[in-house]
Amino acid sequence: MQPTMSSMLTDAATLMAIGMLSVFLFLVVLTLLVSALTKLAPMPASAGNEKRSSSQGTQSEAGQPNAAQMAAIATAVTQYRAAHESPARD
Amino acid sequence: MQPTMSSMLTDAATLMAIGMLSVFLFLVVLTLLVSALTKLAPMPASAGNEKRSSSQGTQSEAGQPNAAQMAAIATAVTQYRAAHESPARD
Amino acid sequence: MQPTMSSMLTDAATLMAIGMLSVFLFLVVLTLLVSALTKLAPMPASAGNEKRSSSQGTQSEAGQPNAAQMAAIATAVTQYRAAHESPARD
Amino acid sequence: MEDLRTLWLNTGVANLEWGMVLMVVVGAVLIYLAIRHKFEPLLLLPIGFGAILANIPLAGLAEPGGLLYYIYQIGISTGIFPLLIFLGVGAMTDFSAVLANPKMFILGAAAQFGIFATLIGAVALNWVPGMEFTLEQAAAIAIIGGADGPTAIYLSSQIAPELLGAIAVAAYSYMALVPVIQPPVMRLLTSKKERQIKMQQLKPVSKRAKILFPLMVLIITAFLLPTAAPLVGMLCLGNLLRESGVVDRLSNAAQNEIINVVTIFLGLAVGAQLSASAFLNVQTLGILLLGAVAFVIGTAAGVLMAKLMNVFSKDPINPLIGAAGVSAVPMSARVVNKEGLAANPQNFLLMHAMGPNVAGVLGSAVAAGILLALVS
Amino acid sequence: MEDLRTLWLNTGVANLEWGMVLMVVVGAVLIYLAIRHKFEPLLLLPIGFGAILANIPLAGLAEPGGLLYYIYQIGISTGIFPLLIFLGVGAMTDFSAVLANPKMFILGAAAQFGIFATLIGAVALNWVPGMEFTLEQAAAIAIIGGADGPTAIYLSSQIAPELLGAIAVAAYSYMALVPVIQPPVMRLLTSKKERQIKMQQLKPVSKRAKILFPLMVLIITAFLLPTAAPLVGMLCLGNLLRESGVVDRLSNAAQNEIINVVTIFLGLAVGAQLSASAFLNVQTLGILLLGAVAFVIGTAAGVLMAKLMNVFSKDPINPLIGAAGVSAVPMSARVVNKEGLAANPQNFLLMHAMGPNVAGVLGSAVAAGILLALVS
Amino acid sequence: MEDLRTLWLNTGVANLEWGMVLMVVVGAVLIYLAIRHKFEPLLLLPIGFGAILANIPLAGLAEPGGLLYYIYQIGISTGIFPLLIFLGVGAMTDFSAVLANPKMFILGAAAQFGIFATLIGAVALNWVPGMEFTLEQAAAIAIIGGADGPTAIYLSSQIAPELLGAIAVAAYSYMALVPVIQPPVMRLLTSKKERQIKMQQLKPVSKRAKILFPLMVLIITAFLLPTAAPLVGMLCLGNLLRESGVVDRLSNAAQNEIINVVTIFLGLAVGAQLSASAFLNVQTLGILLLGAVAFVIGTAAGVLMAKLMNVFSKDPINPLIGAAGVSAVPMSARVVNKEGLAANPQNFLLMHAMGPNVAGVLGSAVAAGILLALVS
Ligand code: NA
Ligand code: NA
Ligand code: NA
């Protein structure tokens with residue numbers, strides 16, 4: 001039952017060869033398909049803007065914040081997170 | 001063991017009759033009891049205010065925000081949500 | 001099989017004696033070790049500041065907010081929490 | 001060489017069966033509908049993905065020892081997952097609209113006619129060669145007319161688990177198609193004048209009434225229809241967590257953590273039931289057909305009952321709101337609102353339609369209880 | 001006709017038993033206390049609801065195959081749920097107050113006298129005709145005096161599961177009644193002058209000490225009392241997640257997702273143990289009586305030990321804070337604070353009382369370990 | 001007296017074995033590394049704590065009926081926990097970097113050479129007296145080279161559960177040591193000029209490509225390597241939840257609730273495998289040695305492949321980014337960035353290194369699938 005040392009080494013070597021081959025095969029196929037994919041589904045010119053405006057549309061009508069507001073916001077979020085993370089037994 | 005077609009249809013028809021009757025019975029009973037309930041537990045005049053003030057009491061002493069603050073707040077929440085939703089592997 | 005009343009009472013009394021002894025033993029050992037611990041790991045003078053500055057470093061470059069901003073922030077967080085807690089079926 | 005052969009025998013290509021390929025396509029279509037057309041994406045995306053995973057040859061994800069098998073055994077066979085979804089639904093549902101106007105419960109009852117009429121239809125389909133439904137199966141199919149996903153999954157898992165996949169897919173698909181299925185029926189059965197009827201503003205409801213309501217529903221269920229107690233009980237518990245105001249932590253857990261996590265697993269496990277042998281047959285066609293019929297009949301029954309009530313009611317009732325009695329919360333209430341605005345741009349029916357809408361959730365849970373009592 | 005009869009036989013009315021009705025009333029009372037009087041609502045509301053669900057005739061929610069049965073088997077029989085609650089409690093507890101003044105551990109030990117005295121009381125109740133408690137049952141009842149819900153549920157599930165429902169109800173009820181039970185005992189045993197004693201401000205504790213503390217407790221437990229290791233271990237793990245500062249994600253999960261979700265299920269499953277045969281008997285009266293006695297004795301022992309320590313201590317100790325040793329975090333610390341302010345409007349004892357309070361959590365877990373070792 | 005003796009027999013001191021003490025020390029060291037040196041604290045802290053809990057004498061936490069036993073049986077034996085972690089990892093991973101430059105997949109493949117070379121090494125170690133590894137064990141050890149914790153735990157739980165504890169500890173420790181292990185290898189194999197190479201800015205990737213990518217990976221896996229379908233499938237599901245944009249609730253649940261809760265339990269259960277008999281032996285030394293070798297070889301293979309690709313590529317490729325192919329997301333990408341900046345203060349390689357980095361996650365899951373197919 002117990003395999004000999006040399007047969008195990010042969011098994012391991014075969015495994016290495018087949019394994020690396022398969023990994024490369026798999027990821028090369030993936031490379032080709034992803035290349036095709038990114039060509040078939042290219043980046044629309046306005047995608048970046050579209051995303052931003054859609055998130056604005058669903059969440060806020062407030063427009064772009066000015067610098068002062070931005071500072072307040074950053075602090076608010078920081079504070080909120082700090083408060084959120086400091087646990088209190090209730 | 002296998003029921004005949006016509007006996008199954010009779011079963012189904014009986015089921016429909018009893019089923020609809022029961023559904024109506026259940027929901028009519030509910031209608032009557034809810035009518036009684038809403039009469040026995042009427043809306044107190046000041047309930048809305050009470051709720052608002054209690055939530056103020058537990059959460060903030062800051063009073064009502066003005067329009068400028070509101071804009072900052074809306075943006076802050078938007079930003080926070082966006083940040084919260086854009087996941088980062090840590 | 002059924003123990004007699006008096007033997008059960010003796011058992012319970014023994015249990016009380018041993019139990020209270022053990023509880024005290026455990027917590028006295030803990031008292032001594034904690035006393036040693038707090039002496040071996042004393043409070044560093046600057047620990048409070050260190051903590052604050054590190055959280056600043058990772059979370060915000062915005063500096064300390066002024067009073068007006070603080071008001072806006074408090075309200076923002078209150079509003080955010082209220083929105084977060086008022087559940088909406090989506 | 002031996003190893004290469006083993007590897008080849010371990011590829012999907014070497015073990016491909018057409019049924020599996022077709023089911024992967026079915027899964028992909030569900031995912032497409034979920035993402036592109038926003039067909040109930042919270043459920044149909046995991047269901048579609050589960051269908052693909054379960055049909056990967058050799059992977060054995062849906063067989064004993066596989067992830068989807070465990071999830072199914074733990075959460076679906078036992079009925080636990082649909083009940084937890086109901087807990088979350090209860091915690092997310094505001095019953096104010098129906099408490100302010102309790103007559104709306106009647107509309108939630110009428111729309112369940114879609115369920116029971118479909119039951120007869122399913123039995124009648126036995127005349128069609130190749131289609132054969134037992135009474136249990138017919139009942140499980142009929143519940144699609146309740147327009148309530150977890151109710152359909154729960155009932156189906158208890159009395160006809162072999163049809164679970166097809167029934168769940170049909171239920172969620174038609175719920176997504178409510179804006180397509182209901183309007184023609186609504187317009188056919190109402191005149192423009194009826195659709196223009198404005199309804200009186202709803203009175204506010206006291207906090208105490210909102211707290212006592214779920215307890216009252218639970219007690220009525222205990223007295224009248226205990227077989228509906230699991231579904232109705234979890235709905236009421238969720239609603240009590242919400243309305244009591246003293247356990248916000250638990251209410252939020254039910255509305256968020258529990259329902260989100262369970263939704264992923266429920267979807268995957270339901271999708272894993274979509275094997276070729278269970279889905280690619282003539283029965284599935286029957287289920288899809290009957291599901292559509294059920295929605296149409298339920299909508300019609302709701303509208304007609306609203307017309308009848310309008311005759312006798314002191315306050316005017318717009319018959320459109322009867323359509324919301326099928327539930328499909330909040331989709332059908334939105335459809336009603338849209339149709340109302342189409343007839344009269346000042347006629348906002350949304351809040352009025354929410355009454356029959358949430359009543360319909362209770363109505364179909366009650367109908368499921370009746371079917372459980374009489375059929376199984 | 002046959003169907004109508006089947007339906008009738010499937011109603012709750014046709015299967016009503018008086019015991020069930022009474023248990024539904026018990027459940028409703030618990031819910032009332034939870035919502036109206038805010039009696040530990042996070043637990044008593046689900047427990048009350050579980051009691052109602054379990055006593056709906058025919059629904060079988062607490063029988064094999066039912067939701068509450070599964071939850072009980074998975075989470076309570078195994079002890080998993082109370083241990084997960086302890087994980088969350090550990091993550092929510094700040095031990096600074098007791099680390100700053102380690103003598104407070106002694107007060108947390110003294111208050112456990114309530115547990116062991118009640119053990120004798122429970123055995124003595126065997127003299128009362130109709131009341132019979134084994135030593136295991138007596139120990140499970142006695143732990144109510146620990147004023148710690150999950151500890152009581154854990155111990156009871158391991159050595160006297162047949163009393164679990166009544167013990168859990170008594171434990172949480174008396175924890176809610178701490179502001180009623182404790183003040184008279186505290187006033188009886190202290191003079192006004194003693195209650196006016198001001199204590200020295202606590203020193204801050206280093207982060208390193210806070211991190212090492214849970215590990216030290218774990219090691220002591222491993223050496224001295226391994227049977228307490230599950231409870232104490234999970235408490236320490238939660239606290240280490242909290243204090244380590246490097247795994248905030250996990251600490252938050254323990255404090256929120258895990259504890260909230262488990263609380264709902266734990267409450268339901270505990271409530272499902274409230275069947276008429278298990279609850280409506282003279283034993284329950286004994287348990288309620290003994291529970292109140294346990295709280296009184298525990299409070300008295302804590303206060304008296306504080307008086308004793310005040311005699312020998314260099315720094316003054318206000319005897320009131322001994323009462324917080326029963327745990328019931330943070331309720332009894334608040335009661336102490338209120339009594340202190342009543343004696344001297346400038347005397348804020350809250351932080352000083354938090355020491356014995358969190359020490360009491362450890363103390364009762366240790367007591368539970370001793371009972372497990374000696375009784376089971 | 002009898003009771004005192006019982007209590008003494010129930011202390012840990014009376015039942016102490018040296019192996020247990022040593023394993024408690026091992027657990028404490030892991031916790032120290034996690035807290036003090038931030039060695040993968042999310043995993044190593046619970047693993048260390050689990051090791052201590054499991055080695056408390058008499059407590060039986062890792063034996064049948066104990067908490068850690070249940071968690072192991074439910075989550076690790078079944079493979080459920082590592083798969084749920086992969087779901088969360090998928091939902092947290094942005095594949096844009098590799099989609100923008102698909103050649104990076106090749107680097108993710110090359111770095112897996114560390115796995116297969118280590119496999120031979122593990123078998124060769126059988127020459128060392130006292131060390132004996134079966135082919136299954138060798139494969140489970142080799143996967144440490146994948147630098148991916150959940151993959152290692154999953155594979156090990158399926159083919160060599162007796163080594164699970166040591167393998168998990170080695171995998172996470174070396175992932176934490178990436179900033180120590182990789183830089184010397186990277187510098188040895190590259191010239192300063194190569195390290196200074198600037199790469200072209202990545203193009204943005206369309207939303208549609210991001211949505212189709214996980215589905216494409218799933219289909220390729222189904223066709224070519226179904227044994228990798230559980231791991232790759234859950235990764236793809238998580239990523240689809242993330243990118244679809246229609247199920248944010250579910251994506252957030254996968255990234256937060258699910259992964260946080262599972263991480264606590266996974267860590268505890270893995271730690272509970274660290275018993276003295278399983279960990280304190282010469283095999284563990286071999287595993288630790290082989291793990292380090294695997295990381296070195298994987299890093300070297302990635303860098304050399306990048307050099308080779310740079311020869312043939314139109315656009316310049318900085319060989320440093322090949323090192324990120326071992327995965328260890330995002331640690332090794334950060335190491336690459338740091339080395340790049342050391343060579344040229346204007347050379348920001350972070351985004352370029354993220355490509356091979358996330359490709360490496362897929363690569364090691366594929367390697368695990370191959371080992372499952374050929375070895376088990
Ligand atoms: Na419905
Ligand atoms: Na206590
Ligand atoms: Na990898």
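To find a chain, count down the sequence lines: A is the first, B the second, and so on, and within it residues start at 1.
Residues A:L15 and F:L371 are in side-chain contact: their nearest non-hydrogen atoms beyond the backbone lie under 4.5 Å apart. Side-chain contact check for A:M16 versus F:F113: some heavy-atom pair is nearer than 4.5 Å. Contact annotation: the side chain of A:F26 never approaches that of F:I370 to less than 4.5 Å [non-hydrogen atoms, C-beta and beyond]. With contacts defined as side-chain heavy-atom distances shorter than 4.5 Å, the pair F:L362/A:L30 qualifies. In this structure, F:M216 and A:L37 have side chains that are in contact, with non-hydrogen atoms separated by less than 4.5 Å.
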Inset, instruction - For side chain to side chain contact (heavy atoms under 4.5 Å, CB included), just list the numbers for A:V28 and F:F105, CA-CA rounded to whole Å, side-chain angles, deciding distance to a tenth of an Å, and then say yes or no. - result: CA-CA 7 Å; A:V28 167; F:F105 281 118; over 6 Å; no

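Taking each heavy atom of A:A12 and F:L119 in turn, the nearest pair found is O-CD2, 4.2 Å. Here the closest non-hydrogen pair linking A:M8 and F:F133 is CE-O, 3.3 Å. Heavy atoms only, all atoms of each residue included: A:L27 and F:G363 are closest at CD1-CA, 3.9 Å. Here the closest heavy-atom approach between residue A:T38 and residue F:A209 is recorded as CG2-CB, 4.4 Å. Closest of all the heavy-atom pairs between F:I120 and A:A13 is CD1-CA, 3.8 Å. Closest non-hydrogen pair, A:L9 versus F:A124, comes out as CD2-N, 4.1 Å.
With rounding to the nearest 0.5 Å, the separation of CG in F:N101 from OG in A:S35 is 9.0 Å. Between A:L33 atom CG and F:L212 atom CG the span is 11.5 Å, to the nearest 0.5 Å.
Heavy atoms closer than 4.5 Å to chain A are found in both the backbone and the side chain of F:T221. F:A110 touches chain A through backbone and side chain together, each having a heavy atom under 4.5 Å away.
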